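First up is the structure itself, then whatever we jot down about it.
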Amino acid sequence: MERNPMGRQLAIMRQSLFDQGYLDEQFIQLEELQDDANPNFVEEVVTLYYRDSARLILNIEQALERKPFDFNKLDDYMHQFKGSSSSIGAKKVKAESTLFREYCKSGNGEGCTRTFQQLKKEYATLRKKLEAYFQMARQAGPMETACRPK
Amino acid sequence: MVLGKGASSSLSMKMADGAEDMVNNNNFTVLVVDDDPLIRKLHDMHLKNFGLRAQVVENGKKAVDLCHVGANFNLILMDREMPVMNGAEATKELRAMGVNSLIVGVTSCGSPNEKQAFMEAGLDYCFEKPLTPDKITFLLQELNKNN
């Protein structure tokens, strides 16, 4: 595998996503599901996540524009969003979701607004990083896409 | 091996530990009930890896309707919160219809009360989302016990 310098770069990139806390073990579960029959599974799932969660982000944004805040509704939306985010291993995004829900439960509107801004940042950052990762994976060749550390 | 049509050798090498009961798994049918297409895709894939065929529907009502017209499943994976009919209602209805499949709740962490209420609707087990190979292995063991 060392004869492929791109493969090594890919592995480094991948490892840093974990080391820097962007991804957790759930992402590894996705990688384990990828195989020759489904060589783009991880990318498909991530694409699906960003497509579907966009709707939830919009709903939350709109709900945060209506005063007073409907904390129950906000919590519901975030509950769904958190679920999806956990499923792809989006660690930082998930952490912000949890915090947001806590602010909802305690009726802290300012906390919600602040946390949501941070969440959107993390969400966007992760997207960029994963896009770069998948692009590199495509260049590195099919054998490099799924690393299965045990 | 007995992996069904389209199985490639790489798939058989990837089989999760504890899947030695593969031979039996081909006869188990699974229904995935979840309004999140991401979860449906994930669970379907997880199950495929164990050689299980899954049908997927997006809310409780569709699950009830399916069973109503005679579809039979060994295992039903039921999300809690869904539009039209949620997991607890669907579970209650299925049990009332006499469905005795293994019904397993799969939820994102709700409060202990919510989980309890869901269990009381008639679940056999309740797990947190998403499914993992360990949980599937456990469920397969349960299915093999009962059959």
Side-chain angles (χ1 to χ4, degrees), chain A residues 24-56 59 72-73 75-90 93-95 97-102 104-105 142-143 145-148 150, chain B residues 3-17 19 32 34-52 54 56 58-59 77 79-83 86-87 105-111 113-115 118 127-137:
Chain A
D24 63 29
E25 320 75 55
Q26 206 41 57
F27 190 80
I28 299 179
Q29 295 278 351
L30 294 184
E31 291 177 316
E32 308 243 301
L33 289 172
Q34 185 159 294
D35 58 19
D36 294 343
N38 303 276
N40 303 309
F41 184 69
V42 183
E43 189 170 359
E44 282 168 17
V45 171
V46 170
T47 305
L48 189 60
Y49 165 71
Y50 275 100
R51 202 190 67 196
D52 285 350
S53 56
R55 176 185 48 94
L56 285 168
N59 287 344
N72 281 332
K73 202 166 206 133
D75 190 51
D76 271 346
Y77 287 142
M78 192 50 81
H79 171 94
Q80 287 180 61
F81 180 79
K82 183 182 166 186
S84 300
S85 305
S86 311
S87 302
I88 70 156
V93 175
K94 178 181 166 186
S97 308
T98 303
L99 193 54
F100 185 94
R101 294 195 69 198
E102 278 165 24
C104 283
K105 293 197 177 82
M143 69 176 126
T145 45
C147 304
R148 298 198 186 93
K150 268 285 189 263
Chain B
L3 292 175
K5 56 179 162 55
S8 62
S9 56
S10 63
L11 182 60
S12 60
M13 283 197 291
K14 237 175 97 288
M15 273 302 138
D17 298 337
V32 175
D34 202 304
D35 64 331
D36 186 345
L38 187 63
I39 295 288
R40 292 199 299 269
K41 187 179 173 83
L42 261 181
H43 287 177
D44 182 45
M45 193 57 140
H46 268 301
L47 294 165
K48 265 205 191 87
N49 267 4
F50 278 82
L52 290 164
V56 291
E58 72 252 29
N59 64 54
L77 296 172
D79 181 23
R80 190 165 50 94
E81 278 158 36
M82 293 177 283
N86 68 34
V106 187
T107 81
S108 347
C109 14
S111 69
N113 287 341
E114 287 167 333
K115 232 174 168 180
F118 197 14
F127 290 142
E128 261 174 38
K129 267 183 202 183
L131 225 48
T132 58
D134 293 340
K135 293 171 189 164
I136 300 178
T137 303

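Only a predicted model underlies this, so the values are computations on that prediction, with no experimental measurement involved. Each chain gets a letter, A, B and so on, in the order its sequence line appears, and its residues count up from 1.
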- B:I39 portion near chain A, given a 4.5 angstrom heavy-atom threshold: side chain
- Message: Can you tell me how far apart CD (A:E44) and CE (B:M45) are? Round to the nearest 0.5 Å.
- Response: 7.5 Å
- Query: Taking it one step at a time, do B:R80 and A:H79 satisfy side chain to side chain contact (heavy atoms under 4.5 Å, CB included)?
  - Reply: CA-CA 12 Å; B:R80 190 165 50 94; A:H79 171 94; 3.9 Å; yes
- Item | Separation between NE2 of B:H46 and CD of A:E32, rounded to the nearest 0.5 Å | 9.0 Å
- Task: Look at atom NZ of B:K41 and say whether more than 12 heavy atoms of other residues, nucleotides or ligands are closer to it than 6.0 Å.
- Result: yes
- A:L33 versus B:L42, closest heavy-atom pair with distance: CD1-CD2, 3.9 Å
- What residues form a side-chain contact (heavy atoms from CB on, under 4.5 Å) with A:D75, not counting sequence neighbours? A:R101, A:C104, A:K105
- Note on the structure: Rounded to the nearest 0.5 Å, the CG atom of B:L131 sits from the CD atom of A:Q29 at a distance of 9.5 Å
- Query: Hey, are the side chains of A:Q80 and B:D36 touching, using non-hydrogen atoms and a 4.5 Å cut-off?
  - Reply: no
- With chain B, which of A:I88, A:D52, A:D76 has the greatest number of heavy-atom pairs at distances under 4.5 Å? A:D52
- Query: How many angstroms lie between OG in A:S87 and NZ in B:K129, if you round to the nearest 0.5 Å?
  - Reply: 7.0 Å
